[in-house]
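Bear in mind the structure is a predicted one, so any value in this text is a computation, not a measurement. Atom set for the values below is all heavy atoms of this structure, side chains included, hydrogens, waters and symmetry mates excluded.
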Amino acid sequence: MNKLKANIAIKLDLLLVVFWIIIYLAFRFMGYDVNLASLVAAGVGTLFFVHLSIMQKVLKPLQAFIEIADKVADGDVREGLHDLRMSDLEEVQGSFTKIVGSMIESRAAIEDYMEKISDINHELEQKVDSLSAIYFASQAMGGSLNVDTLIRNFITIFTERLFFVGAGVMLYNDKTDLVSVKDLIGISPELFAKFRFYSDNQILAHIFSEKGFWIPSDQEKSLMVAEFESDEVRNIRLIFPMRIKDHLVGLLLLTDRKNGNGLEDSDYLMIQAIVGLASTSINNAMLFENSESTKNELDHKVFNLMTLQQSGKVLSSTLDLNELIQISIDMFLETVWANKGVLMLFSEDRPELEVKAFKGMAKEEVDALKKDPAEAWAMTTIEKERKPIFAQELSGKASYQTYSAVNRSLPFAVYVPMLKEGELYGVIKVGPKINGEPFSENDLEFFATLSSQAVIAFENARLYSLAITDSITKLYVHRYFQLRLDEEVARSRRYNATISLLMCDIDHFKPVNDNYGHQQGDLILKEVSKILRKNVRNTDIAARYGGEEFAIILPETTQADAKIVAERIRRDVAHCDFPSLISGQPPLKCSISIGVAGFPLNADNKDQLIQKADSALYKAKGSGRNKVVLCGVD
């Protein structure tokens with residue numbers, strides 16, 4: 001009991017001392033001048049009063065109660081009852097009743113307080129989890145500008161951190177006005193092909209409700225199953241809109257949670273916060289990709305325009321059709337970095353496409369294309385559609401799969417029709433790119449424009465060829481011969497070079513026309529012109545001078561070398577069996593006489609050169625025909 005008194009006294013003294021110190025410091029802080037002696041006296045008075053009160057009201061009754069209890073416990077009940085005064089007992093009882101009442105009230109208050117603390121802790125845990133998920137989402141959505149990566153990170157948050165069974169994202173394409181699935185986790189990939197709709201679908205009307213999300217009912221799910229022909233849509237429990245103000249970015253699809261628990265209001269708010277963050281990140285990534293794509297597209301178009309400008313200059317630099325064909329196939333392949341190609345044009349003699357040039361392939365490979373059923377089908381398709389097409393587009397068509405060439409790849413990656421006034425003029429076939437990249441729509445546009453340029457150049461060359469070429473013999477006409485001889489004589493003077501001129505005449509040609517008809521005569525002219533072309537170089541100019549006469553300009557050729565060429569022509573004509581147009585009649589035989597003159601050896605100008613070569617020709621005809629006569633020698 002004494003120990004208890006001492007403990008209570010010490011604690012009271014300490015509390016009162018602290019109390020008066022605080023009062024003293026407060027007065028000093030507020031600027032009041034406090035008499036320390038008075039304050040100490042007040043403190044001592046307070047201590048005395050508190051001690052006296054506790055002694056009289058608590059400790060003294062308690063002491064009496066303990067003594068009575070000890071006597072009763074020792075068996076001395078009479079003495080205990082004699083010493084007991086009811087007034088004191090009532091006093092002790094009253095004091096203890098107050099103490100117990102205060103303790104009961106305190107315990108209830110404490111329990112209520114602890115319950116409130118527990119609720120606050122639960123709420124804080126939820127907020128911490130939400131903040132943690134949002135922070136993780138901000139980290140995941142801020143580290144990339146790749147749309148596919150961002151979407152995968154986005155739906156992974158829901159399947160791994162928020163414990164949803166499945167999640168998916170649908171994106172809105174404002175060009176096609178279509179909402180389609182972009183990525184899925186934990187949801188059947190069947191939705192990629194079947195779950196897509198336009199912006200006027202009722203689904204979006206439900207999603208853009210006041211709630212800010214849509215929980216489809218069983219009846220609404222049944223309607224979606226019927227609309228999209230897939231039971232997988234039943235697994236979709238929640239759909240959140242992904243948007244920035246009034247701009248729709250896409251939709252978030254969520255299934256049930258792995259633990260089967262429902263969502264609280266705080267969960268919906270957290271998901272909407274994450275969706276808002278993801279919407280901004282994904283939209284920015286899409287804008288970035290579009291800007292990069294637009295930049296690359298513009299760069300590509302600028303390159304194509306520069307190429308087309310250059311190609312226009314190159315294609316207009318010559319009127320030789322064969323040279324233009326080779327230039328064209330080089331441009332088609334080099335500008336797109338393709339490894340092989342074939343250029344085909346319609347033949348003048350037969351209404352069918354024939355190979356005019358090829359590159360990156362052996363002749364045997366080109367010839368084998370005629371027997372390739374896949375190639376034949378592709379050519380039939382392009383002749384029918386008359387549009388630039390991809391090989392992969394042809395391969396994806398159902399009709400191709402039923403064709404006998406099934407499972408056979410097409411020989412070329414792109415087939416481009418060359419059109420003239422809507423009609424097929426030719427076809428350019430281009431192999432895959434060296435870098436392995438696929439062909440794009442820009443490539444096809446470029447091919448279409450370049451092919452148009454090429455067709456114009458080819459047609460100009462063809463018209464020019466018609467103007468300078470004899471229709472029967474396909475040799476140059478007399479006027480072109482005169483122009484070229486002027487050029488060669490001038491060049492010979494400038495560079496001190498030699499020119500030889502051959503004047504040729506078919507012997508006894510008039511009787512052929514008289515006896516067998518002009519058609520037979522035309523056939524002999526054609527066959528003789530073939531012999532002439534076979535025996536001259538590309539740099540030589542063979543022309544029909546008039547009637548059955550021919551002239552051949554041999555630049556940088558001496559008279560002796562010219563005689564060798566002339567003898568070879570004379571021999572081939574003499575040995576040739578010219579077919580007869582009359583059925584059952586044997587082949588006809590013809591001969592040719594040739595006069596040879598040189599510049600500057602035999603002449604000082606063009607006209608004199610022609611006159612000297614013509615004189616040598618008539619000497620050959622006058623001396624028995626089927627001969628070669630050199631001016632100034634024979």
- Between CZ of R196 and CG of L171, what distance do you get to the nearest 0.5 Å? 12.0 Å
- Reported CG-to-CD distance for the pair N538 and E323, which is rounded to 0.5 angstrom: 11.0 Å
- Item | Minimum heavy-atom distance Y172-S199, with the two atoms named | CE1-CB, 4.0 Å
- Within the distance-only criterion (no hydrogens, no angle test), does the side chain of S451 pair as donor or acceptor with the backbone N or O of M418 below 3.5 angstrom? no
- Got a second to check how far K433's NZ is from W337's CH2, nearest 0.5 Å? 11.5 Å
- Item | Ion pair check, E354 and K356, cut-off under 4.0 Å | yes
- Message: Nearest 0.5 Å, please: how far is OH in Y425 from OG in S452?
- Response: 12.5 Å
- Message: Salt bridge check, D367 against K363: does any charged N sit closer than 4.0 Å to a carboxylate O?
- Response: yes
- Sidechain N-carboxylate O distance under 4.0 Å for K420, E459: yes
- Hey, mind stepping through Q482 and K606 against side chain to side chain donor-acceptor pair (under 3.5 Å) and telling me if it holds? CA-CA 9 Å; Q482 293 286 353; K606 179 194 77 171; 2.9 Å; yes
- Message: Within this structure, what is the CZ-CD1 distance for the pair F481 and I552, rounded to the nearest 0.5 Å?
- Response: 10.0 Å
- Item | Which atom of N605 lies closest to which atom of R493, heavy atoms considered | CA-NH2, 3.7 Å
- Message: Between R625 and D505 (salt bridge meaning N to carboxylate O under 4.0 Å), is one present in this structure?
- Response: no
- Task: Classify the angle between the aromatic ring planes of Y480 and Y464 as parallel (below 30°), tilted (30 to 60°) or perpendicular (above 60°).
- Result: perpendicular
- Say whether, by atom type as modelled, one donor and one acceptor occur between the side chain of S593 and the main chain of N626 under 3.5 angstrom. yes
- Task: Answer yes when K510 and D514 have at least one side-chain N-carboxylate O distance shorter than 4.0 Å, and no when they do not.
- Result: yes
- Task: Identify the residue among V342, V366, L369 that makes a side-chain contact (heavy atoms from CB on, under 4.5 Å) with P411.
- Result: L369
- Item | Test item: S623 side-chain N/O and K619 main-chain N/O as donor-acceptor pair under 3.5 Å | yes
- Exam field: side chain K429 to backbone V416, donor-acceptor pair closer than 3.5 Å: no
- Message: Walk me through whether D572 and N535 qualify under side chain to side chain donor-acceptor pair (under 3.5 Å).
- Response: CA-CA 9 Å; D572 288 350; N535 285 282; 3.1 Å; yes
- Query: Any sub-3.5 Å donor-acceptor pair from Q559's side-chain atoms to C631's backbone N or O?
  - Reply: yes
- Shortest non-hydrogen separation from P587 to D577 and the atoms involved: CB-CB, 3.7 Å
- Message: Using only atom types and a distance under 3.5 Å, with no angle test, would you say the side chain of N515 pairs donor to acceptor with the backbone of P511?
- Response: yes
- Note on the structure: Closest non-hydrogen atoms of A620 and K627, given as atom of the first, atom of the second and distance, are CB-O, 3.8 Å
- Got a donor-acceptor contact below 3.5 angstrom from the T557 side chain to the P555 backbone? yes
- Message: Treating Q608 as the side-chain partner and D604 as the backbone partner, does any N or O pair qualify as donor plus acceptor under 3.5 Å?
- Response: yes
- Criterion side-chain contact (heavy atoms from CB on, under 4.5 Å) on E375 and K370, from CA distance to verdict: CA-CA 8 Å; E375 173 73 2; K370 298 177 182 178; over 6 Å; no
- Write down the atom of L501, the atom of I610, and the distance for their closest heavy-atom approach. CD2-CA, 3.8 Å
- Task: Check whether the ring centres of F332 and F447 lie less than 6.0 Å apart, and answer yes or no.
- Result: yes
- Item | Residues N513, Q520; criterion side chain to side chain donor-acceptor pair (under 3.5 Å); working and verdict | CA-CA 7 Å; N513 282 335; Q520 182 68 62; over 6 Å; no
- Message: So does Y198 get a backbone contact from the side chain of D177, meaning a donor-acceptor N/O pair under 3.5 Å?
- Response: no
- Query: Which heavy atom in S328 sits nearest to a heavy atom in L343, and how many Å separate them?
  - Reply: CB-CD1, 4.0 Å
- Item | Validation row, ring centre Y545 to ring centre F550 under 6.0 Å | no
- Message: Tell me whether the NZ or CZ atom of K340 lies within the 45° cone about the ring axis of F412 and under 6.0 Å from its centre.
- Response: yes
- Between E567 and R571, is there a salt bridge with N-O shorter than 4.0 Å? no
- Task: Compute both the distance and the angle, then confirm whether K589 meets the cation-pi test with F578: under 6.0 Å from the six-membered ring centre, within 45 degrees of the axis.
- Result: no
- Message: Donor-acceptor pair, distance only, cut-off 3.5 Å: does the side chain of T473 make one with the backbone of S529?
- Response: no
- In this structure, CD1 of I564 is separated from CD1 of I569 (nearest 0.5 Å) by 12.5 Å
